[in-house]
Amino acid sequence: SASAEEVRSMKLWAREQAAGPAPHTAALIIAQTLNELGLDITVNAVPWPQMADQVWYKRLDEDTWDLTMWQMVSRPERSDPDEFTYNLFHSSTAEKGYNFIGYVSSAYDELAEKQRVTMDPDARKQIVDQAQQLLADDAANAYLVHPLLNFAYDNTQFKDGSAIEQAGLGIKNIWTYLNIEPINGNNDLVAQSLDEIQAINPFFISGGTDSWITEIVWDRLLRIGPNGTPQPWAAESFNWVNEQTIDVTLRSGMSWHDGQPVTTEDVIFSFEAPMDAEMVPMYSPFVKNIDSMEDMGNNVVRFNLKSSNAAFLTSTLAKINLVPKHYYGPIIDSLKGTGNNAETIIEEKRIGSGPFKFVDWRQREQVILEANSGHFNPPKINRWIMKEIPNVEAALGMFRKGEVNFLTDYKGDPAVLANIVEEDGDITLVKSVDVGFQYMAMNHRRAPFDDVNFRRAVSLAIDRDVMVNAAWAGNAVKAGSHISPALSFYHKDGITEFETGIDLAKKILEDAGYTVKNGRLHYPEGVSEKH
Amino acid sequence: MFDFWSIVRRFLYMLFVLWIVATIIFFMFRLMPGSPLTAFIGTTFTDEQHDLLVKRFGLDKSLFEQYTLFIVNTLKGDFGLSFTYNKPVINMIIEALPNSIILTLFSLVIAYIFGVIAGAYLAWKRATFIEGFSIPIVLTTRSAPEFWLGMIALAFFSFQLDIFPSGGTSAAGVIYETTLSKLTSLHFYYHLILPSLVLALYLQGLPLLLMRSNMLEVMQEDFVTMSKMKGLSSWRIVIYHAARNALLPVATAFTLGVGFAFGGNVVIETVFSWPGLGRLLVFAVSSSDYPLAQGAFIFLTAILILMNFLADLLYLFLDPRVSYKTKN
Amino acid sequence: MSTVLEFNNVSKYYDVSRNISEIFSGKKPKVRAVDDVSFKIQQGESVGIVGESGCGKTTLAKLILNLVNPTSGEILFEGKDISKIKDNDELIKYKRNLQFVFQNPYDSLNPRFTIKDILLEPLKALNFDPNKFETMITDVMNLVKLKNKDEYLYKYPHELSGGQLQRIVLARALIINPKFVVADEPVSMLDVSVRAGILNAFNQAKSSMNFTAIYISHDLALVKYVCERTIVMYLGSIVEDGPTHDVINNPLHPYTKALVKAVPVPHVNQSHDPLPILGNIPDATREYKGCKFADRCPKHNNECQGGEIKMGLVEAKPGHWVDRCSYNTS
Amino acid sequence: MIAEIYKIFKENNYATIGVCIYLFFILVAIFADLIATNDPLRINFSSSGLARNLPPSWEYFLGTTSNGRDIFSQLIYGSRNALAVGLSAALAVAILGTIVGLISGFYGGWIDNLIMRLADIALGLPFLPFVIVLAAFLGPSSWNVVIAIGLLLWPNAGRIIRSQVLTLRERGYIESAKVSGCSNFRIIFLHIAPNILPLSFLYGSIAIGWAILTEASVSFLGFGPSDVISWGYMLQDAYSSQALSLGAYIWFIPPGICIVLMVVAGFFISRGYEEILFPKIKK
Amino acid sequence: MLEIKNLSIHYVGKEFVAKAVENVSLKLNQGELLGIVGESGCGKTTLARSIMGVNPDSAKIASGQIYFNNNKILDADKKINDLDFKWKDIAFIPQSAMNSLDPVYRIIDQMREILVIRGGYTKNKADERSEELFNLVGIDKNRLRDFPHQFSGGMKQRVAIAMALALDPKIVIADEPVTALDVIVQRQILDLFNELKHKLNLSIILVTHDVSVVAYICQKVAVMYAGEIVEMGGVESILQEPYHPYTMGLNNAFPDLHSTNDFLVPINGSPPNLINPPTGCRFKARCPFEINKCNDKPDRYVNRDREAICWRTSDQKKLLEESKKLETWEIKE
Ligand SMILES: Nc1ncnc2c1ncn2[C@@H]1O[C@H](COP(=O)(O)OP(=O)(O)OP(=O)(O)O)[C@@H](O)[C@H]1O
Ligand SMILES: Nc1ncnc2c1ncn2[C@@H]1O[C@H](COP(=O)(O)OP(=O)(O)OP(=O)(O)O)[C@@H](O)[C@H]1O
Ligand SMILES: [Mg+2]
Ligand SMILES: [Mg+2]
C-alpha cells in the first residue's frame, strides 16, 4: 500500500576493532544479516567515550541511537544474579541508570524486586527463571553469546593443574594466586593486562584490572568461592540473626602489612567510610543498605540492615575492602573539606591485610606485589607481577617468550592462542564460560523497536551458531539470557534453545504487517516513526 | 654576541604561541563528542555518583569559567587531576617524559650519526653505482610507515629470532629505585634497542639526504676548489672544510627533529608498548581525559617550540656569519 | 627649458637586520641609502649619476619611478608630488611618461614571455590603442637596431644573446615614447664588445625622441659618452654636480678627484701616483656626524667629524655644484 | 610549464618511475570495481563457517582477514582512499601555501606579519598528536588527515613560496612590470605565479606522501573510520587481529608495500623535480 | 719558467662538448706580469685553473702539457702524481675572494692550515708569518682573528693575496682579482700587485676582461677569443699596433675617460658558442675584414715577441686605420 512508511536507515554502534575483534566482527555480520530483511544498517565503530556518550547520556534525545553492541563483563560479585537482574531492566533505572534500553514492564519490576528480598535460594531461583523467560518473550535484548574466557600459563613454570577455576571467572582469581605452585626454580607469577591500571586504591573502583590488585592486597570479610558462592574469609564465620541482622566474627590473629593487628574497629571503619558518599562515592552504593554496625565484643561485629537483601553477602561483605583505620582514618580526615575525595589518595604505602603486599608500581609498565607470608592463607609464589601491555600482539609475544608466564587478559583471537598452545606444548590453556555476556541492545523508546514483534524478528534473524562459530570462532556459548550457564544454579535451562534464521524473521515481520518494497522494509499500515 | 633581553623577548613570544595552542586545544576537547564520564558507567553507577563526578571534574561550570580556571592553573604549573587516574597530570607527565626523551634522543642520535656519515659518503661517491642504489633505498625507508617497520621488526627480531624483548622498558619484576637508576641500567637499554633502531631507520633519511646535498653543494664552493689548489689532501678537504660547512643545516635539522620526532613517536610507542608521552596522549584522548590530554599536548607543544627556539640559538652558535657581527 | 624632475630634501632609509641577534633584540640598523638629496633636472637633459657600489644610485632611480616611497622629502614630476598620486588614471598618465632600463638584461625580461608579449606589456597595462600596437613595435625595433624584427618577436629571452636582450629592454622602455628615461647601469653586465652598440642606440634614440635621461653608472668613463651633466654620489649624498666635462677634467670634491684618478685607461702611459683618498669602503649602516667623507678625506680635521659641518651643495662655478665642505677647504 | 614537466620526465629516471607508480595506482583506483574480485567489506562464508584467515587461493588471491574479508580486494580499493587523501592533501597544501605565500610575500607589511605569526602557531603544533586530537574532535574520517595537513603544513610551503616571491619581487622583470604600469593583480598572477607553480607542485607532491603516511598512522592508532577501506585501516586490522602471531605476512606486508610505493613515488617525483628546480645539486 | 704547450680543454657534458680552451701555448718568464684579456666565457678561468689542476670533473684535457721549470705539472696523456708545486711554487688568487675563504674558520686558522700543513711551519712561526703577510698587504694584524664575512670585499681580496703569498711562490695566478671591486679599490689592489712584483720578484698571470687594467700594470698580454689566444705580445704594441681585428675592435670599444671621441665603436654580434665553434677563424662572423680564406684555420703569425692568428696580418696597417671608423663595424646585412 502506498502510505506505508519506510523504516529509516540506522546505525549499529560498536566499538572499534582493537577494543575487541569478535564483537566487532559480530556487528559486521549482524548488519549484513539484518540488511537482508530490507533494513539499511551500517556499523558505526567509535571509541568507547563516544559510543557510551550517545547510548547512555543521550538516550532521551530526539536523534539518538537505534542499535548498539554491548557487553557485560565478569566480576566476582556478579556471581549473584541480583545486580544484572535488577539494575539492567528495572524501570527505575530506565531514565538514568543501567536500563539504557528503556525496557519498562511492571510485571518484570515485580519479579526483580521480589528476587532481591527472597532469601531462600530455591524460591529465588524460581523468580529469577521467570524473569529470564519474561525478558526472552519480550525480546528485551538480542543476547548473543557468553564468551569463553581464555587463560593460559606456562606449565614449565607452574605445576600443571595447580590453577583453580572459579565459576564464570576462569582461573584468573585469588584462589589460583594462592594455590598455584611454582616449579623449576620459578618464584614469580607474571600476569598481564591490556588495560592501563588507573589506581590501586581501596576506596576507588576504577578500571577492571585495578580490582584484580585491590582484591588481593586488601582482604574482605567474605570472598566468592570457586563455586560462585560467598564463603568466610577474614570473617571466621557469619550468622544471620534475622533477615535484617547479621553477626560476623573476625578471624583472630590477622595483622596489617605494617604489622599492626586487624581489629573490629578497623572492620567498622572499613564499612563506615564508604557511607560518606562524597568521600567514597564508588563504594557507597554497596553499603547503602547498612543501617548501623555494632561491636559485639569477641571479634564479633553486627550489621543491622535497612531491608532484607539476598545479595548482601556477595555485594557488600564480599565487596568492601578491609582497611586499617590507623592509616586511612587520618588521610580521610585530612581530605574533608578540600573538595577532593578518597579516590584522589596517592599513597606512599598501600596497607592492607591481604595475601599480597604492595611493592612497586611504575605506571603503564608494571605492578609488583610480594607474598604476605604471615597471612592465614599464604600464597606459594613469592611475587605477583603484572605487566601493563596495551596491545594483545605484544602481550602474546611476551607470553611466548616467557616474559609473561600467566596470560591473564587475552582479548585476542582464540584461534591464535590455540595455535600457539599447540606449537609450544608447554602451555596449559584453560577456557571458562564467562559470567558476562555479549549482546546487541535495541532502543525500546523508538519505533520500530517499541514493537516487540520487530525486536523478536531482529533478534531471531541472527543465527547464534554463526555468532559462536564465526564471530567468536567457536570460543563462546550461545546466550539466551543475562544469567550465564556458568552460574548453573540460576541459569534457566533451555533458555538458549530457540529457532533462528532469516526466514523465520521475515515471517514474523510479515505477520506483524511489515512489508518489503524496492528492497526496503516498510512499517505496517498506519504505523509511523514519530508518535 | 646576543643579549639577554633578546632571548627573554623571544621566550615570551614562545609563551604566547603556547597560550594560543593551549586555548585551541582546550576548546577542541570541550567541544569534542563523547564524555569523560562514560569511563565510570557501570551497573552500579548511580545518579549521585554522576553528579559528584561532574562537580569534581568542574564540568558543571560554564565553558568560560572552566577556561579561565584552566589558564590560571596552568600558569601556576598545575595541570589539574587526571579524570581517570585521579592523579595530578603533571606527575604522570613527568613519569612518562624521560622515557620519551630517551627514546627520541637515542634514535635521533643514531639516525644523525649514521645519516651524516652515510650522506657525506654518498656525496663523495656521487654518480656511482653505490649512489645509484643507495638513494632509492634511503627514500624507501623514509616512505615506510614507522609502525609497519615496527611490526615487521617485532615479528622478525622478537617473535621469530627472539633476540630482542617485544616491548616495554623492563622485564617483569625488575624494580628501579629511581628514574635515574632506570635510565642508567643496561637492562633498560636492551629494551630500547629495537624501538630506537626502527625509529632511527625512519629518521636517518632526512639527515642523510640533507648532508648529501649540502656536501654536494659545498663541494662546488670556491673555497673547496681553493683548498685543492692549496694542495691539501682530499681527506682534509672533505672533513675539515666540506663536512664542517655542510653540517650547519644538519645540526639545526637535528634540533628541529627532536621536537618533531617527539610528537611522531606516538605510533612507535604504541607498537613497542613504550610508556612515553605519546602513548599517554593517545590514551587520554581516547578516554576523553581532558586534563591529561591537555597536559600531554601542551608539553609536546612546548617541547616542539622550545626545540625550534634552540634550533635558532644553535645556528647562532655554529655559524660565525650570524654570531659575529661585522666590525666597523 | 622647464624643470621635469625635482628632488627636495629626499631621503630613503632602509631597515636592515643582518643577523639573528639583531632580530631578537629588535635593533633596527638603518641604511641611509639616499640621504637628504635635492636637485633639479630640466627638460631634455641627460644626467649621469656616478658613485661607488652601494652609494644609493639605484635607490635614487627607484624613488623617481615610485617603486619605493621616500622616507622624507618630496619628489616633483612636472611640478606634481608623485607620492600624492592616488587616482588610477593619473597614475597611468604619470607612468606613460616614465620608463626604466634595467641593469641586468637576463633578469629583467620575463623568461616565460615571448619578446612580443614583453613589448606589449606596457602598452596593455597603460591602455594604449590596440590598433597601433603593430606599428609601435616596428618603430621601436628599428630604433634599437633590431631591424629584422620577425626574427626576434616570437622568441623567448633565453634564445637571445645578452646584447640583443638589452636592446629589447631598451625597446620596451622606449615603446611608449616616454618623456623621461632612467637607465641603471644598462651595460655593466655586457661584454665590452657589445656595450658600445647599446650606448650608441641609446644616444640615437635620445636625440630622435628627445627624452630626458638619467644614466646611472659606477663607471665615469661610460657616463662621459652619454651625459652632459654628472652627479657624483657618496654614501647617499650628492657631493658634486656639474657638467660632465668639468667634473672629469676639473673635479672639485676630493672624492671625485680620486674617482677620476682611479679610472684606468687603455693606454700604456698612465699615472701610477697614489690616490688622494684614505681608508676603505664605508659602512652604510653607520651613523655619521658631520661630513660623511671626513675619514677618507686627505684634508680632514677634527671639525669635520664633530657635527659642525653639514653636507650640502654650493655653486662653485656656474652650473657646477660641490659639497660645501670641500668648497670651503679648497 | 608543460614543456618543463616533459623535460623533467625525459631527463629524470626518478621522476619517471614515480609517475609510473602513480599512473599504476590511478588506473587501479579507477578500475577497482573491475579488478577487485570481491566486495572489500563483505564478510565471506565458506562451507565450514566464516571464511577467516584463509590462505591465498583462486577465490581470494591474497587470502582473507580474520573477519572473512578479501584482502586482495581491500588492497585494490585501498588505492582509492590513498589517492583521494593524498591528492586532496596535496591540493590543500599547494593551494593554501601558494595563496598565502603570494600574498604574504608580495604585500608584506602587517598581512605578512599576521600570516607569519599564524605560521609560527601552526608550526608549533605537534603534527601527529594534533591529527589525533582533530580526529577525536571531528569524528573518524579520512578527511581529518587532509584538514590537518592543510592546517599544519601550509606554513612550510607558504614560507618557501614567500621567500621565493620576495626574491622574485626584486627580480628585474617584476620591477619592470611595475614600471610598465601593470596592476598588482596582473603582476601576481601573470608574472609571479607561474614561477612559483613548480614550488607549489613540489610541496604538493611532498604532501601526498605525508598525507598517506599520516592517514595510515591515524588509522593504526584506531582514530580512523571503520567503514572505509584504506591501507592504514588494513594494517590496523591486521595488527589488532594478530596477523603477526598468525604469521599472516600476506595480510600485513602488501598494504605496507603499497604505502611505501605510493609515498616513495611522491619522493621520487619531488626529487626529480627538485633537481630541475635547483640544478646546482645535480651538477 | 711556466710553459703551456698546445693545451686544449673540453667540457664534456651528456649531449655536448664545449671546447673551452683550444690549442693554447704560452710562456711566462721570471718576474714577468702577463695579462690575459678576453670577454666573458672565452676560457680564461678554465685556462688559469688548469694550471692549478683543479678543473671540474667534466673538464677533459684534450691535448697539451704544462711545465713548470721544465717539470711537467699537467699532461693530457697521463696523470701527474707529484703535486707538491701547488701553492709552494704556484699560488692562485680567485675571482671572488668572497667565496674562496671558508666561512666557518677564522682567517688565522686558514693561514695556519697553509703554513703548517703545506709549509711545515710551527704554529708560532706560522702566526708570525701571518702577521708579516698582513702587514705586507696592508691589513691590521689584529684582524687575523676575524671571520671572513667580517671583511669588506677589497679587504678579502687582500686576504686572498696574503694567502697566495704565504709560501713564497714563484708564480701567482690571479683570476679577475679586481672585477667585482669599485674603481678606487681596484686601483689600490693593482698598485699592491705592482709593489709585490717588484719586492718579491714574482711572476704574475693576471686574468681580466678589462683592457685598461692590462694597460695599467702588465708587460705582456695575451688576447683570448672563443678559447684561443688570438694575439700575444708586449702591452704597448698590442694596444697601439694590434694585428688581429678582434684586438682592434676591443681597443675601440673600450671607453676612455680622457679621449676626445664622443662615440664608441662596437663589435657586431656576440661571441660564438663554444659547443659548435665556427671552423676556420673563430672571429670571422663578426669580423669586418673577413675574406674567403677565413674559413680555413689561419696560420700563426709570429714576429719577434708578437704572435697573432689571422690571415690578414700583412694588411695590418690598412686594417688598423679602417677599424677606427664607425662605419667599418656597422652591421653587415
Ligand atoms: N631593499 C633594501 N633593503 C635594505 N637595504 C637596501 C635595500 N636596497 C638597497 N639597500 C641598501 O641601500 C644602499 C644603497 O643601495 P643602492 O642599490 O641604491 O646602491 P647602488 O648605488 O645602486 O649600488 P650598486 O652600484 O651596487 O648597484 C646599499 O647599502 C644597499 O645595501
Ligand atoms: N663546468 C663547466 N661545464 C661546462 N661548460 C663550462 C663549465 N665551466 C665553464 N664552461 C664553459 O666554458 C667556457 C669557458 O669558461 P670560463 O669560465 O673559462 O670563461 P671565462 O673566460 O673565465 O669567463 P668569465 O669572464 O665569465 O669568467 C664558457 O663557454 C663556459 O660556458
Ligand atoms: Mg645599483
Ligand atoms: Mg672567469
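Chain A is the first sequence line, chain B the second, and so forth, proteins listed ahead of strands; every chain is numbered from 1. Hydrogens, waters and symmetry mates are skipped; everything else that's a heavy atom, side chains included, is used. None of the values given here were measured: they were computed from a predicted structure.
Residues satisfying the side-chain hydrogen bond (donor to acceptor under 3.5 Å, both in side chains) test with C:Asp219, not counting sequence neighbours, are none.
Looking at C:Leu275, only its side chain comes within 4.5 Å of chain E, counting heavy atoms on both sides. Residue E:Asn251 does not touch chain C at all, counting heavy-atom pairs closer than 4.5 Å. Contact annotation for C:Asp191: both backbone and side-chain heavy atoms come within less than 4.5 Å of a heavy atom of chain E. Heavy atoms closer than 4.5 Å to chain C are found in both the backbone and the side chain of E:Ile184. Residue C:Val226 does not touch chain E at all, counting heavy-atom pairs closer than 4.5 Å.
Every pair passing salt bridge (charged side-chain N to carboxylate O under 4.0 Å, His left out) that includes a residue from residues 34-47 of chain E is listed here, sequence neighbours excluded: E:Glu39-E:Arg286, E:Lys44-E:Glu176.
Interface check for chain C: of the options E:Leu239, E:Val211, E:Ile217, E:Asn252, the most heavy-atom pairs under 4.5 Å are formed by E:Leu239. Of the listed residues C:His267, C:His272, C:Gln164, the one with more heavy-atom pairs under 4.5 angstrom with chain E than any other is C:His272. By number of non-hydrogen pairs under 4.5 angstrom with chain E, the leading residue of C:Ala196, C:Gly197, C:Ser161 is C:Ala196. With respect to chain C, the highest number of heavy-atom pairs below 4.5 Å among E:Asp256, E:Val214, E:Val265 belongs to E:Asp256.
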Full working for side-chain contact (heavy atoms from CB on, under 4.5 Å) between E:Val183 and C:Leu259 = CA-CA 7 Å; E:Val183 275; C:Leu259 203 57; 3.6 Å; yes
Check step by step if side-chain contact (heavy atoms from CB on, under 4.5 Å) holds for C:Val265 and E:His258. CA-CA 8 Å; C:Val265 290; E:His258 299 297; 4.0 Å; yes
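The number of heavy atoms from other shown groups lying within 6.0 Å of CD (E:Glu236) does not exceed 12.
Taking the side chain as every heavy atom from C-beta outward, E:Gln188 and C:Pro274 never approach each other to under 4.5 Å.
Side chain of C:Asn200 to main chain of E:Leu264: a donor-acceptor pair is present (N/O by atom type, distance under 3.5 Å, no hydrogens or angles).
Shown here for C:Ser271 and E:Arg187, the closest heavy-atom pair between the two residues is O-NH2, 3.3 Å. Scanning both residues, C:Ile248 and E:Leu257, for their nearest heavy atoms gives CD1-CD1, 3.5 Å. Taking both residues in full, the closest heavy atoms of E:Pro255 and C:Pro266 are given as O-CD, 3.9 Å, listed atom of the first, atom of the second, then distance.
In this structure, CD1 in E:Ile267 is found 12.5 Å from CZ in C:Arg195, a value given to the nearest 0.5 Å. With values rounded to the nearest 0.5 angstrom, C:Ser193 atom OG is found 10.5 Å from E:Phe254 atom CZ.
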